[in-house]
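Report on the following structure.
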Amino acid sequence: MSTNQELFERAQRVIPGGVNSPVRAFRAVGGTPRFIARAQGAYLWDAEGQRYIDYIGSWGPMILGHGHPAVLEAVQRAAAEGFSFGAPTEREIELAEAIIAFVPGLEQIRLVSSGTEAAMSAIRLARGATGRAKLIKFEGCYHGHADALLVKAGSGLATFGHPTSAGVPPEVVQHTIVLEYNNLAQLEAAFAEHGRELACVMIEPIAGNMNFVRASVPFMQRLRELCTAHGALLVFDEVMTGFRVALGGAQSVYAKVIPGFRPDISVFGKVIGGGMPLAAFGSSRDIMQQLAPLGPVYQAGTLSGNPVATACGLATLREIAKPGFYEALAARTRSLVDGLTAAARDAGVPFVGDCEGGMFGFFFAGSLPQHYSAVMATDKERFNRFFHGLLARGVYLAPALYEAGFVSAAHSDDDIAATVAAARAAL
Ligand code: HOZ
């Protein structure tokens, strides 16, 4: 049996940094990444046989926990029928129908293989549909690693302190305008100056790549009004929040308090694939018909709508659509955040947390940050020590302060209690 350290050293010889996605390298928190051997329900086991309660959930997709029997059966059956055809299948239609049924305003979607691909394609579609070039994004939001969106981004870029990637020429991002999240004055000014040139505004409605930060309701309401008034499309990146914070995604959360609220284009990933490489972007029929083969906006993919991935996504959606699913998930997530908050209060440590559905975040700070620089000002050293304190006690949080956390339906009350007990000891 190899240790995590031996595997990490071996990995670094053949893979840059030893990982295939930077945040996994533990650079933010220090120490040795855990090499995962297997997972079941709410638990992961590393190469050394150590068990962890998993609050990463593959960065969001594993909303049912690992190895859910109905999903496993669907995947095994689909795999036996063929891995990939590069041709249409009935299951793609079923998955598209299922996604559309849960998200009001979506009339058509296209399936792709990753959140990056979906966000990149949504921007191209917005530009093609409006005939405009400029876009607004917000500091600390991460929309995958397409060039035009890799400016002042969160997630791994925040972790490594270079929020705009090298290798992205200035000309490529000359049409990208970056504003502070939740800053109404900057939003008004940007629309006043560029409103008629804006193809779209892309936003994580609840940002999950600078920990967990909600767009305020007044900010979202004004953003919707400004987009409509200037003919710019509002693009919701729901890769993390879609089918995670509610069955109808974050847009349904805002629609509860802003009558008639809807984005123009929605981007999904993670949960809709149930752990397989699958993502999607969707909109009204009018806008989606700009896409090839009907319209002039080109977009394609060999593995798009992959039959095994769609089986996994469809089986996952069938489970999460069952009555009471989100109520139970939200209650368990809330009990985790409340338990951590009480543990910190008892230890005399400044701590704030927030959650929606099965997604949560917390900061070592006196109040919830509203934007990226406020997140950066929270106590990172304390987070890092807390992370290791929990890891040593068998609790696996995201290895960076800049990431949201995820609870699954497989997390039991006992798991939450064990996590809170570990937090008390660590604090
Ligand atoms: N970009 C992801 C976190 N926001 C990390 C994905 C991964 O490392 O798997």
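A quick note: this is a predicted structure, and the numbers were derived from the prediction, not measured. One-based numbering, in listed order, for ligands and for the atoms of each.
Residues Phe243 and Phe268 are in side-chain contact: their nearest non-hydrogen atoms beyond the backbone lie under 4.5 Å apart.
Near Glu403, with a cut-off below 4.0 Å to any heavy atom, the atoms of ligand 1 are 3 (C), 4 (N). Proximity to Met240 (heavy-atom distance under 4.0 Å) selects the following atoms of ligand 1: 4 (N).
Tyr142 counts as a contact of ligand 1, since one of its heavy atoms falls under 4.0 Å from the ligand.
At least one N/O-N/O distance between Arg24 and ligand 1 falls below 3.5 Å.
Remark: side-chain polar atoms of Asp147 are not paired, donor with acceptor, to backbone N or O of Val168 under 3.5 angstrom. Side chain of Glu238 to main chain of Gln251: a donor-acceptor pair is present (N/O by atom type, distance under 3.5 Å, no hydrogens or angles).
Using cut-offs of 30° and 60° on the angle between ring planes, the pair Phe219 and Phe138 is perpendicular. Taking the six-membered ring for Trp and thresholds of 30 and 60 degrees, Phe362 and Phe360 have nearly parallel ring planes, at less than 30 degrees apart.
Contacts of Asn209 with ligand 1, taken as heavy-atom pairs under 4.0 Å, involve the side chain alone.
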